[in-house]
Each structure stands twice: as C-alpha cells, then as structure tokens.
Enquirer: 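If you scroll down you'll find the structure; I have some questions about it.
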Amino acid sequence: MTFQLHKKKEAWSARFSEPMSELVKRYTSSIFFDKRLALVDIEASLAHAEMLNVQRIISDDDIKAIRKGMEQIQGEIRRGEFKWRLDLEDVHLNIEARLTALIGDAGKRLHTGRSRNDQVATDIRLWLRGEIDQIGSLLKSFRSALLDLAEQHADTILPGLTHLQVAQPVTFGHHLLAYIEMFTRDTQRMLDCRKRVNWLPLGAAALAGTSYPIDREQVAQTLGFDNICANSLDAVSDRDFAVEFTASAALIMTHVSRLSEELVLWMNQQIGFIDLADRFCTGSSIMPQKKNPDVPELARGKTGRVNGHLIALLTIMKGQPLAYNKDNQEDKEPLIDTVDTVSDTLRIFTEMVTGIIVKPHAMRAAALQGFSTATDLADYLVKHGLPFRDAHEAVAHAVRVCVDKGCNLANLTLTQLRSELPEVASLLGDDVFDYLTLEGSISSRNHVGGTAPQQVRNAIAAARAILSSQ
Ligand code: ARG
C-alpha cells in the first residue's frame with residue numbers, strides 16, 4: 001500500500017503550513033559535518049532493519065530491498081558520487097531519502113520503531129569507537145618510536161631541570177621515558193573511555209522507547225556493542241562519553257604540547273641539544289638563515305583548540321533538560337575536529353621523533369655547567385657522617401665560591417676542594433670525584449624509577465612489555 005498524501009518537502013513537513021526559511025534551513029542543517037557518520041549510519045540502519053525483519057515487523061521483501069539499496073548507497077558514498085542535500089537537513093534524512101528513491105516503500109519502513117534521536121546517538125558511538133581504536137594504535141606506534149629513541153640514549157647525559165634551571169644530570173633515555181609514561185596513561189584512558197562509549201542507545205526511539213516488539217540484544221550483538229543503554233531518556237540525551245573522550249584527547253594534546261615546548265627549546269641555537277629533520281621545519285620569507293620548528297609549535301597551538309572543544313561540549317550539555325534537544329547536534333564538530341587533530345598530531349609526531357638528530361656533546365657540555373652534581377657532593381658528605389642540612393650548607397658555600405671564581409666543582413683539585421670546604425675537609429677523599437662526575441651521579445641513582453642507565457634499560461624493557469600487552 002502506498003500513501004501519497006501530498007508532496008512533502010521535509011520528512012516532517014506535513015504538520016507545517018509554510019515552508020522553512022532558507023536561513024533557518026542553513027542554520028539547522030548539519031549535513032556538511034555529519035556526513036562523516038554516513039557509513040556507520042548505514043551499518044546501524046542495516047542492523048536495525050535485520051532486527052525488524054527477524055521480529056516480523058518488516059517483511060522479507062523489505063529487508064532484501066533495504067540491503068540492496070544500502071549497498072548501492074555505500075558504493076555511491078565511497079566513490080564520492082552521493083549528492084548530499086542541505087534541504088534534507090542531516091545525514092540520516094539524506095540516506096533515508098536516497099534509499100526511498102531507490103527502493104520505494106521498503107525505504108519508508110526502515111524508520112519503524114526508531115527516531116533520529118536514538119539513531120544519531122548510536123551513530124556517534126559507533127563512529128567514535130572506531131576512532132578510539134585508531135587513536136589507540138597511533139599512540140602505540142608513537143610510544144614505540146619514543147622507546148627506540150630512549151634505547152639509543154640510555155647513556156646520553158643531559159642536565160635535568162627544575163624551574164628551567166640546571167638541577168641534576170639525567171639520561172636522555174630517562175627523560176623520554178617520562179613522556180612514555182604519559183602516553184601509556186593516555187592509551188589506558190582511551191581504552192577505559194571506550195568501555196563507556198560502547199553502549200547501544202538504539203531502541204530508546206525518540207525518548208520513551210517504542211511499542212514495537214524490538215530486540216535490542218540482537219542489534220547490540222550485530223553492531224558489537226557490549227551493553228544496552230538502560231534508560232531510554234538517558235540513551236538519547238547522554239553525551240558523557242563524548243566529554244570523556246575529548247578530555248582524554250585534551251590530555252594527549254597537553255602531553256604533546258609539553259614535549260613540543262622542549263623540542264623547540266632544545267632546537268634553539270643557544271641550547272642546541274637536537275635538530276629536527278628539515279621535512280618537519282620551515283624557513284622564513286625574509287631571514288635566509290631560518291629553520292623554524294613549525295610542527296611542534298603548531299601542535300602546541302592546536303592543543304588550544306582541543307581544550308576549547310572540551311569546554312564547548314561541557315557547555316553544550318550543562319543546560320539541557322531531559323531528553324534530546326537540538327543542542328546535541330553541536331556535539332559533532334568539536335568531536336570530529338578533536339579526532340582529526342589528535343590523530344594527525346600523533347601520526348606526524350611518530351615520524352618526527354624517528355627523525356630527531358640528537359647532539360650528545362651539547363647535552364653533556366650543558367650538564368657540566370650549573371653545578372649539576374652539587375647534590376651528589378652533599379650526599380657524599382652525608383655518607384661520611386654529616387647531617388644532610390649541614391652538608392647542604394657546606395656545598396652551597398662551595399658553589400658560591402666557585403660562582404665568584406668562575407670555576408666548576410668537578411674541576412677543582414682535592415686540595416682546592418678541601419680548602420673551599422674547610423669545615424668538612426677531613427671527610428673528603430679522592431673518591432669524591434667519583435660522585436662529582438656526571439657518570440658517577442647518574443649511575444648512583446640505581447633504583448626503580450631512577451636515571452641510572454641500567455634502570456633506564458629495565459624501564460624500557462618494562463614499557464615494551466606493556467606496549468605489546470595492550
Ligand atoms: N541531526 C540531529 C543531531 O545531530 C539528529 C537528531 C535530530 N532529531 C530531531 N528530533 N530533530 O542531533
């Protein structure tokens with residue numbers, strides 16, 4: 001039976017007495033960004049239609065026609081031939097209209113027992129789940145590239161900083177391991193977030209459920225959802241998972257941004273610890289000598305937009321009464337841009353890290369400046385019986401003398417050292433220089449989490465084991 005009550009413009013316009021204003025059409029349309037969901041929209045529609053058929057809500061002929069029509073639409077989308085129409089508002093109505101144009105009434109039966117409200121919530125979750133898996137594997141490649149670099153530099157010494165001032169020597173491998181910890185937590189956060197993304201809203205219909213004898217378990221199983229959203233109102237309105245994902249993405253970007261800041265500093269000519277491969281840098285249109293670290297700078301800048309998306313999503317949600325409100329349509333642009341920004345950033349950083357040129361001599365020269373082993377001298381005195389506070393004071397005094405004289409603790413002879421530290425001269429033996437050297441300093445920090453090269457190698461092995469277990 002075919003009803004042709006009147007020529008409708010929009011799927012819902014039968015209730016209205018005048019056409020929609022062009023401006024409002026543009027304002028309310030989401031097709032230019034939600035078409036990104038097209039393939040998951042079809043996947044979810046097919047799962048819904050199969051269930052309707054099993055439940056005898058639509059006929060065998062209907063499901064056959066729907067499968068065939070959707071196959072053609074998938075092809076059109078993949079080949080870039082599908083004509084997206086602004087007047088059809090969003091991805092759901094565009095695909096449904098094309099299906100109906102291709103297969104007639106069976107296309108009009110697809111929407112039985114569902115609403116765009118549970119449809120869009122299902123689509124976003126399906127799409128985001130795939131993107132999370134993708135980001136998870138990008139994070140793994142990035143961690144693996146960082147681990148390779150750390151392994152090459154388990155013995156390379158540079159000054160560790162606090163307050164951006166020379167503090168104590170560390171190895172470059174150890175420094176990189178700090179970032180590997182951050183990106184490992186990021187991977188875990190993504191995996192954890194995925195658990196709450198992977199719930200099925202479909203079946204909630206507009207907000208209250210449906211009177212058709214649907215089988216939500218079947219749909220969940222077909223689409224690979226672990227759980228079914230338990231409350232229909234929450235199912236259509238919840239976007240916690242989107243906020244959670246964006247917060248996790250903002251942390252990834254924050255970590256990338258911190259690393260970027262260091263890369264930029266390390267490439268500065270006064271520091272000169274590294275060089276980035278030319279393909280990741282740009283020149284200047286006026287200064288011929290310039291080689292600028294644009295990629296890390298941009299990554300640092302793009303962290304701002306992802307942080308902004310997090311605030312946008314939180315703000316979209318904060319005033320919404322139950323259940324679905326059109327406000328939710330605004331969730332897509334921040335989410336899509338977050339996914340794209342984080343994915344591209346991780347891709348490019350993995351490549352960039354592989355092409356870093358490390359300059360161990362510059363690192364070492366810097367570590368020899370700034371009394372980076374002063375704590376080691378204090379620790380030496382403590383091991384020879386002096387209370388730590390007294391040792392601290394004695395060494396601080398010696399450092400001040402050296403600063404005035406323009407010399408370095410490690411460069412003094414034992415006699416000079418004894419004369420600069422008269423109160424503790426009797427405690428100082430020849431072995432003090434084992435503590436004052438950079439190698440002595442780092443190899444003495446030989447405990448889990450310390451910077452001794454052996455510990456760094458152990459930590460790299462442990463990080464590799466975690467990487468392959470995820
Ligand atoms: N494009 C809409 C969105 O993204 C789909 C749901 C529309 N539902 C509605 N009742 N207008 O949220």
Side-chain angles (χ1 to χ4, degrees), residues 8-16 19-21 23-45 47-48 73 77 82 84-100 108 110-131 197 199-210 219 223 229 232-243 245-246 309 312-340:
K8 295 185 296 172
K9 277 202 67 98
E10 284 85 19
W12 36 258
S13 62
R15 188 230 175 279
F16 291 79
M20 199 181 205
S21 118
L23 187 57
V24 173
K25 246 186 225 171
R26 256 199 294 129
Y27 193 70
T28 55
S29 169
S30 54
I31 191 60
F32 292 113
F33 47 86
D34 68 12
K35 65 182 177 194
R36 182 80 179 256
L37 304 175
L39 292 177
V40 289
D41 189 69
I42 293 174
E43 189 187 343
S45 285
H48 175 69
I73 296 173
I77 292 168
F82 192 97
W84 300 106
R85 284 171 49 189
L86 181 120
D87 57 321
L88 287 173
E89 201 178 316
D90 59 22
V91 64
H92 323 294
L93 296 177
N94 265 268
I95 290 175
E96 195 185 314
R98 179 70 184 135
L99 185 69
T100 302
K108 297 187 200 163
L110 171 64
H111 210 53
T112 312
R114 78 171 181 186
S115 148
R116 275 185 296 156
N117 299 351
D118 57 345
Q119 187 180 357
V120 71
T122 304
D123 288 3
I124 306 170
R125 285 174 183 266
L126 257 186
W127 171 78
L128 191 58
R129 186 183 71 189
E131 296 296 340
V197 170
W199 287 62
L200 174 77
L202 212 63
L207 76 166
T210 174
V219 178
L223 294 173
C229 295
S232 62
L233 299 168
D234 182 53
V236 292
S237 68
D238 171 49
R239 295 294 182 274
D240 290 359
F241 66 90
V243 171
F245 165 78
T246 310
H309 295 326
L313 285 169
L314 284 166
T315 314
I316 286 165
M317 295 313 295
K318 76 172 276 295
Q320 285 197 50
L322 285 172
Y324 176 86
N325 302 279
K326 189 78 167 182
D327 312 39
N328 278 347
Q329 183 164 290
E330 287 290 304
D331 63 357
K332 283 165 212 64
E333 284 166 293
L335 257 185
I336 291 171
D337 190 66
T338 298
V339 162
D340 290 345

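Residues take their numbers from the sequence shown, with the count starting at 1. Whatever order the structure lists them in is the order used to number ligands and atoms, beginning at 1.
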Enquirer: Please determine if N117 has a nitrogen or oxygen closer than 3.5 Å to a nitrogen or oxygen of ligand 1.
Expert: yes
Enquirer: Hey, does the side chain of D238 reach the backbone of V236 with a donor-acceptor pair shorter than 3.5 angstrom?
Expert: no
Enquirer: May I ask you to list the atoms of ligand 1 that are less than 4.0 angstrom from any heavy atom of S30?
Expert: 1 (N)
Enquirer: Given 3.5 Å as the limit, does a donor-acceptor pair link the side chain of N94 with the main chain of R85, or not?
Expert: yes
Enquirer: What protein heavy atom sits nearest atom 3 (C) of ligand 1, and how far away is it?
Expert: Y324 OH, 3.2 Å
Enquirer: So is there a nitrogen or oxygen of D90 less than 3.5 Å from a nitrogen or oxygen in ligand 1?
Expert: yes
Enquirer: Answer yes when R116 and E89 have at least one side-chain N-carboxylate O distance shorter than 4.0 Å, and no when they do not.
Expert: yes
Enquirer: Using distance alone, with no hydrogens and no angle criterion, decide if D34 and Q329 have a side-chain donor and acceptor under 3.5 Å apart.
Expert: no
Enquirer: How close does the nearest protein non-hydrogen atom get to atom 11 (N) of ligand 1, and which residue and atom is it?
Expert: R116 NH2, 3.6 Å
Enquirer: Quick one, L223 and T122 - any side-chain contact, counting heavy atoms below 4.5 Å?
Expert: yes
Enquirer: Answer with yes or no whether K332 contacts ligand 1, where contact means a heavy atom under 4.0 Å from a ligand atom.
Expert: yes
Enquirer: Do any N/O atoms on Q329 end up under 3.5 angstrom from N/O atoms on ligand 1?
Expert: yes
Enquirer: If the threshold is 4.0 Å, N to carboxylate O, is there a salt bridge linking D90 and K332?
Expert: no
